[in-house]
Amino acid sequence: AGSSRAVALSGRVRDDFTRWLGLDPSGVAIVSNGVADSFRPPSAAERGEARRALARRIGARGDSAIVLFCAHAFRLKGLETLLRAAAGVPGTHVAVAGCGDPRPWLPLAAELGLHGRLSFLGRVSDVLPLYWGATILVHPSRYDPCSLVVLEALASGLPVVGSPADGASERIGAGGEVLSAPDDVNGLEDALERLADPVRRRELVEAASAF
């Protein structure tokens, strides 16, 4: 009973966990989820090539910030929050990867004036080129124990704007930002606008690459 126990859990719930089970917090270690070694930051040449390839694929302008959303459960993972925020930032193009049905989202996209700035890619078997080519990953999930795409993006040198309802948000650190709430449209819009600053964008990429 006195031995150290390695338990995979969020630091935010460790106190409750140990109290419920009557454990000594000093004997409980946090074991973070990991990702495959294939997820790594690109070289400058790889990033440039991936950026050009993704821009061609989605029809984005060369100076657009490509905002990646990667999930299957579009509603749960916060696609509506992203679309509403992106609508207020003209220099963004949203690329949605995942096997969710895009049809229910098209009326909202039209209402928000996102024509030509929103692309649905469907199921993607190899997401690494998307991480390398995008400007940022946005994952405003309404609930997520620990989102794998957040960890993969950071490991691939891609900055992330995440949700406080996602356990993976604890790993974002200087490699991005965490919204005040999953549906914080104004906060996300502000975060996307800050990407217009090339210095801020470079800082985020460097921090994410050190994940």
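- Closest approach of Leu128 to Ser38, counting heavy atoms only: CD2-O, 3.5 Å.
- Taking each heavy atom of Ala174 and Ala207 in turn, the nearest pair found is O-CB, 3.2 Å.
- To the nearest 0.5 Å, atoms CG (Leu154) and CZ (Arg171) are separated by 8.0 Å.
- Taking the side chain as every heavy atom from C-beta outward, Thr81 and Pro182 never approach each other to under 4.5 Å.
- Residue pairs meeting the salt bridge (Lys or Arg N to Asp or Glu O under 4.0 Å) criterion with at least one member in residues 41-55, sequence neighbours excluded, are Arg40-Glu46.
- Residues Ala208 and Gly157 share a closest heavy-atom pair of CB-C, 3.8 Å.
- Asp126 meets the salt bridge (charged side-chain N to carboxylate O under 4.0 Å, His left out) test with no other residue; sequence neighbours excluded.
- Looking at residues two or more places apart in sequence or on another chain, you find a salt bridge (charged side-chain N to carboxylate O under 4.0 Å, His left out) between Asp101 and Arg103.
- Shown here for Ser169 and Pro164, the closest heavy-atom pair between the two residues is OG-CA, 4.2 Å.
- Applying the side-chain contact (heavy atoms from CB on, under 4.5 Å) test to Ala134 and every residue at least two apart in sequence or in another chain returns Leu54, Ile66, Leu68, Leu158.
- Here Ser209 pairs with nothing under the side-chain hydrogen bond (donor to acceptor under 3.5 Å, both in side chains) rule; sequence neighbours left out.
- Remark: Ser147 OG to Asp166 CG distance equals 5.0 Å, nearest 0.5 Å.
- Under the salt bridge (Lys or Arg N to Asp or Glu O under 4.0 Å) criterion, the residue pairs touching residues 179-195 are Glu177-Arg194, with sequence neighbours excluded.
- Under a hydrophobic-cluster definition in which Ile, Leu, Val, Met, Phe, Trp and Tyr are linked whenever side-chain heavy atoms come within less than 4.5 Å, directly or via other members, Leu76 and Val149 are assigned to different clusters.
- The shortest heavy-atom contact between Leu137 and Val150 is CD2-CA, 4.0 Å.
- Of all heavy-atom pairs between Cys70 and Val127, the closest is SG-CG1, 4.2 Å.
- Listed by first and then second residue, the salt bridge (Lys or Arg N to Asp or Glu O under 4.0 Å) pairs involving residues 138-160 are Lys77-Asp144 (not counting sequence neighbours).
- In this structure, CG on Leu151 lies 4.5 Å from SG on Cys146, to the nearest 0.5 angstrom.
- Applying the salt bridge (charged side-chain N to carboxylate O under 4.0 Å, His left out) test to Arg84 and every residue at least two apart in sequence or in another chain returns Glu80.
- Annotation for Leu114: hydrophobic cluster partners, listed by chain and number, are Val67, Phe69, Phe74, Leu79, Leu82, Leu83, Val89, Val94, Val96, Trp105, Leu106, Leu108, Leu112, Leu118, Phe120, Ile136, Val138, Val161, Leu179, Leu188, Leu192, Leu195, Leu204 (ILVMFWY side-chain heavy atoms under 4.5 Å, direct or chained).
- When atom types are taken as modelled, the side chain of Arg117 and the backbone of Ala86 share a donor-acceptor pair closer than 3.5 angstrom.
- With sequence neighbours excluded, no residue forms a salt bridge (charged side-chain N to carboxylate O under 4.0 Å, His left out) with Arg123.
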Evaluate Arg57 against Leu121 for side-chain contact (heavy atoms from CB on, under 4.5 Å), listing each step before the verdict.
CA-CA 9 Å; Arg57 181 175 179 179; Leu121 305 178; 3.9 Å; yes

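- Here salt bridge (Lys or Arg N to Asp or Glu O under 4.0 Å) pairs that include residues 58-74, with residues two or more places apart or in two chains, are Arg61-Asp63.
- Evaluation of the side-chain contact (heavy atoms from CB on, under 4.5 Å) rule for Ala50 yields Trp132 as partners, not counting sequence neighbours.
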